[in-house]
Amino acid sequence: MKYIFVTGGVISSLGKGLTAAALGTLLENRGLKICLQKFDPYLNVDPGTMSPYQHGEVYVLDDGAETDLDLGHYERFTSVQLSRLNNLTSGQVYQTVLDKERRGDYLGKTVQVIPHVTGEIQNRILQLAEASQADVLITEIGGTTGDIEGLPFLEAIREFALDVGPSNVLFIHVTYVPFIKAAGELKTKPTQQSVAKLREIGITPQLIVCRCERPLDKELRQKISLFCNVPFEGVIEEKDVDHSIYEVPLMLQRERMDDLVCQHLHLDCPQPQMAHWQEIIRKMIAPAHRVRVGVVGKYIGLQDAYKSVYEAIIHGGVANDCGVEIVRVDAEDIEREGPEKILKGLGGILIPGGFGERGIEGKIAAARYAREHHVPYLGLCLGMQIATIEFARHVAGLDRAHSAEFDPNTPHPVIAMLDSQLKVTKKGGTMRLGAQPCQLKVGSRAASLYGAFIVKERHRHRYEFNNKYRELLEKKGLVFAGTTPDEKLVELIELPDHPFFIASQFHPEFRSKPHQPHPLFRGFIAAAHHHAHNKPL
Ligand code: GLN
């Protein structure tokens, strides 16, 4: 078993997760079995209780774990199967240590950061190594070198490297090489200092990945090599991508990063097979078709709040050889200015998941616009609940119909709390979470897109379609095209007299990859293109 640790320096948001995932792509395409893991130094047990402003999207796994969005990159860039073992926070580490202490596992001892906290961190590496049976385990350490809260993780991996021996472990440091306009040049000092900080802790990285806006020239590489104590070829340029994050693996391959990793770890494997990946990039950069679709949400200004949704839309584009321009629409703007002005001209409208009341009426207006103007519509989780409320109000005539989440006194709670949620009092990890089977109706659009009648999709919600309204809404033309196999919960709705109107209670975006675009997104983009150009793809 080989171990790669990825640390980050200078500033956050450098794309360590992307770098780790892209290295995963290259190693996997060399025929190696890989696994990826993220350590997050914050004290929350998981990011499930954090707002998108704090943390961006919460990425949900099959087993229901609510995890860091970097795990989304890991799944999209590779074929790894992730579980709750793949994301560890300081909160989880301390919870485990304190449980053990109360149980008496450490009787007689003083419980300390070293060796007890660090030991727990190492346990998690070993646990995943054992469970994954991978050839290479890539572990990304969240945060930036020098953060106080990250220290136990760095100490843990330093000790771990001693235990497994130098030929089985590789440290990669992702750092920032800023371009200073006034001087007209790239600066290496922050990188030198960040690496010095790591070496103080006892970690010497063998590869330095330099995030930069402009290419690194030879002189700069020599400087970083000299001051950071890495060989010249160990200085890897990772320039901002021109078009797509999926270019990163190809960029790192050009820098021979995977060769260097394999050399260092004594991994004997062929060059990666990247032809299919190149074709994906080709379709992103120079697609045969183009379309604009709107995403109507409330965290529109944030880059990461709807990460998986944006990615899945792009994948849906790849499946149709169609470049997608994503128009981010603030639901509150629709409330202020009306849907016509803002949504006119879009090929499709998508409403993603969400919580809280802000912007809800704007979203309802957007769903109404899509239904009435025959604009392709894809609703995800809250987007399904919105479509239901809209249909109940304007087609079934249920005045003031609403979700009990937003209006507890509505006369028509067409969306109500799941029975299983009624007794739940704690907030963390208690929603209906993870992959659940859904049975699709014969003859439905969803079944024909999936090419299957039973599918498994990931969930994250507390509210659900209220079965008291099933008969009435069905009579009015809403099709309940997907339910749980016992038919108790509605999982997917469709409108038949519409070019494309599908909304799911689950989150299909979490299962989409560039090389395996999700069927619902594939269908949505095809319909959007058809709508925008009034012709089939
Ligand atoms: N707020 C809704 C619920 O809890 C929708 C959740 C979501 O979109 N993820 O049911």
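FYI, side chains are in, hydrogens and waters are out, and symmetry mates aren't considered; it's all heavy atoms of this structure. Every number for a ligand or one of its atoms is a count from 1 in the order of the listing. Computed from a prediction, not measured in an experiment: that's the story for all the values here. Throughout, numbering of the chain's residues begins at 1 and tracks the sequence.
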Between CD on residue Gln37 and CD1 on residue Ile138, distance to nearest 0.5 Å: 11.0 Å
Determine whether the aromatic ring centres of residues Tyr42 and His55 are separated by less than 6.0 angstrom. yes
Close-contact set for ligand 1 against Gly353 heavy atoms, below 4.0 Å: 8 (O)
Looking only at heavy atoms, is any part of His461 under 4.0 Å from ligand 1, and if so is it the side chain, the backbone, or both, or is it neither? both
In terms of residue, atom name and distance, what is the protein heavy atom nearest to atom 7 (C) of ligand 1? Cys381 SG, 2.9 Å
With only distance considered, is Phe406 within less than 3.5 Å of ligand 1 through an N or O on each side? no
Sub-4.0 Å heavy-atom contact, Glu464 with ligand 1: no
Which ligand 1 atoms does His507 reach within 4.0 Å, using its non-hydrogen atoms? 9 (N)
Ring centroid separation His518 to Phe524 under 6.0 Å: no
Tell me which protein heavy atom sits closest to atom 2 (C) of ligand 1, plus the residue, atom name and distance to 0.1 Å. Glu405 OE1, 3.2 Å
I'd like to know whether Glu457 forms a side chain to side chain donor-acceptor pair (under 3.5 Å) with Tyr450, so could you lay out the CA-CA distance, the side-chain angles of the two residues, the decisive distance to 0.1 Å, and finally the verdict. CA-CA 12 Å; Glu457 292 283 4; Tyr450 276 103; 2.6 Å; yes
What orientation do Trp277 and Tyr246 show, parallel under 30°, tilted 30 to 60°, or perpendicular over 60°? perpendicular
Measure from the ring center of His315 to the ring center of Tyr310 and say whether it is less than 6.0 Å. no
Worked verdict on Arg124 versus Thr96 for side chain to side chain donor-acceptor pair (under 3.5 Å): CA-CA 11 Å; Arg124 182 60 82 87; Thr96 313; over 6 Å; no
Residue, atom name and distance, where the atom is the protein heavy atom closest to atom 8 (O) of ligand 1: Gly354 N, 2.9 Å
Which residue and atom name correspond to the protein heavy atom nearest atom 10 (O) of ligand 1, and how close is it? Tyr463 N, 2.8 Å
Would you check if the distance from the ring center of Tyr299 to the ring center of Tyr53 is below 6.0 Å? yes
Among all protein non-hydrogen atoms, which one is nearest to atom 9 (N) of ligand 1, and what is the separation to 0.1 Å? Arg460 O, 2.9 Å
Looking only at distances, please establish whether an N/O atom of ligand 1 is found under 3.5 Å from an N/O atom of Arg462. yes
One residue to check: Met431. Relative to ligand 1, which of side chain, backbone, both or neither has a non-hydrogen atom less than 4.0 Å away? neither
